[in-house]
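What follows is a set of notes on a single structure, which appears directly below.
Order of listing sets the numbers, starting from 1, for every ligand and every atom in it.
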Amino acid sequence: MEFKALNVLPKTFQYRGSQLSHLLLSLSKGAVYLNKAPELILSLIRLWLNWKVRRHRCQNIYHKAQKRGRWEKRGNNIRDYKGTQDSACRFSFGKARRRSGIFSGGISSLRKSTQLKAFAELAPPPPSQSSLTVYYFPGSVKVRPVVLCRSSTQPSQQANGRSRISNNVQMDLYLKQEFTSFTGSFKERGARNALLCLTPEQRKAGVVAASAGNHAQGLSYHGQSLGIPVKVVMPVIAPLMKIQKCKDFGADVVVEGNDMFGATQVALDDSRSSGRVFINAFDNVRVMAGQGTIGLEILDQLPNVDAVVIPIGGGGLIAGISTAIKARKPDTLIIGVESEMCPSFNEAQIKGKPVLVPTSRSLADGLAVPQVGIHSFSNATNKIDRMVIVKEDSIALAILALVEKEKSVVEGAGAVSMAAILSGQLDLLKGKRVVLVISGGNIDTTVLSRALHKGMAIDGRLLKVGVVVDDRPGCIAELCQVFSELQVNMRHLMHERAWVKADVFSVKVSVICESRSREHSLNLIAALQNKYDHVVLGEFPDPTTL
Ligand SMILES: Cc1ncc(COP(=O)(O)O)c(C=O)c1O
């Protein structure tokens, strides 16, 4: 019986290193093992050899990753090795040992992520003598000048550059107008920096990226200007306008993948087979450093800023800006804003590591990143003082406010910082100097039109009202008279008789109309209720629920 058990031991050791405990248990069984000392020694040698082989295999993976220095996919997790080689290799080693996903390492994986390490201190910006501000980072970043809230460059604006919305919210608001860059968003800063950091061989091989729009455009445009071949994989949901723009910038555009995950897979496969360098849109330190130039510009243009409000998608933008600002002016409040349709950063903060969250369609499509980056998360999380989640209605209202009051066309993702202010979630900033990063302006005309109408409805200026009047000549004219006296514009008018409950001698008139303000709409409703018994109000949103 005991002899049989001894025979089993070596085989077990050979395949399962964890059987050490089994061995110890067996030893406790007594003298028979001592009699079989040679077999026992043999078993121990096998155990040791087995451990050596496994260790060697792990190191192999480590060295391969170091050599390749590019994206890898294991299990369901995708990671960027480019630009973060050292830490990524350490990830790889750790992962091979643990045979688990990147995030199962949790806090320890986060600790190993590459930190921007106050790059702003390493490279303080030179004083800007001309309108062209050029910042130097390790790897030499040159960025297009982006004007902070127009100030002296646009004489028609208030002299100190304050936003016109400032008085409505009792704050000194300044808009960092990233939508004025050539490709319409901040993304070209990070894209250009990542391109400038490539070695001559990598430049020759070219780059590949997955993006639904802004990163792809930034990379295509700067790739063309630097003579670096660019391939972009865009998911089928990418707006046609953005696809066309990338083609116009000379990029090789592939439309594949149902969503960003699908497109990323295709781009990674391409990078592996073609040798092109994969450039992640947010989880790459060089990209983050490029976005960080916004922070340096803000401090340059408004040195006494109290708070900066920043949209969050994958987290690259806030990681760069917060690193730059906290390094030079640590008392500045950093506020991150997400859409309620994809609160992935908020969820990551709750869980202490990036996690996958379900997403829904949003006006802020640029922020729809279901899992934030591990490097961007670890760089930003302890620099963020407050997180805000905004609703779709607030985003629509912010787009409308920016068009009407600032004469600025901004996309949903670019408007979320304004939405955070207008929704009243940042009233703690009253009386302070606040910079809102308005990160992009690439919005489809049809989406813009819908957003404006939605914004007007939320603001109580576009309303639907149903009135039951007598079905005889002149009654509808009388109804129109009420609208006319109050100077409310009727846009659509519809009669219905079959469903009117009152009697067969009545008609229900449904009107969609435009007023000047919420108060103006309330006056109309009061006048109608005064004159008619049946007045049905369509949805009239309550501003306190935003
Ligand atoms: C206009 C706009 N704003 C903000 C973001 C969020 O940037 P990040 O993914 O670096 O957090 C994006 C991302 O694509 C964007 O397109």
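Distance check: N214 CG to T183 OG1 gives 7.0 Å after rounding to the nearest 0.5 Å. How far CG of L422 is from CD1 of I458: 11.0 Å, rounded to the nearest 0.5 Å.
Polar contact with ligand 1: present for G315 (N/O pair, distance under 3.5 Å). Ligand 1 has a nitrogen or oxygen under 3.5 angstrom from a nitrogen or oxygen of G313. When only interatomic distances are considered, the shortest N/O to N/O separation between E411 and ligand 1 does not fall below 3.5 Å.
In this structure, K245 does not pair ionically with D248, as no charged nitrogen and carboxylate oxygen lie closer than 4.0 Å.
Ligand 1 is never approached by S185 to a heavy-atom distance shorter than 4.0 Å. Residue F186 places a heavy atom less than 4.0 Å from ligand 1. Under a 4.0 Å heavy-atom criterion, V369 is not in contact with ligand 1. For the pair Q291 and ligand 1, no heavy-atom separation below 4.0 Å is found.
Of the residues listed (R433, R162, K432), the one engaging D172 in a salt bridge (charged side-chain N to carboxylate O under 4.0 Å, His left out) is R162, and it is the only one.
When G320, G314, S417, A281 are checked for heavy-atom proximity to atom 9 (O) of ligand 1, G314 turns out nearest.
Of all the atoms in ligand 1, the ones that sit under 4.0 Å from a non-hydrogen atom of L317 are 7 (O), 8 (P), 10 (O), 11 (O).
Side chains of E392 and S362: a donor-acceptor N/O pair is present below 3.5 angstrom, by distance only.
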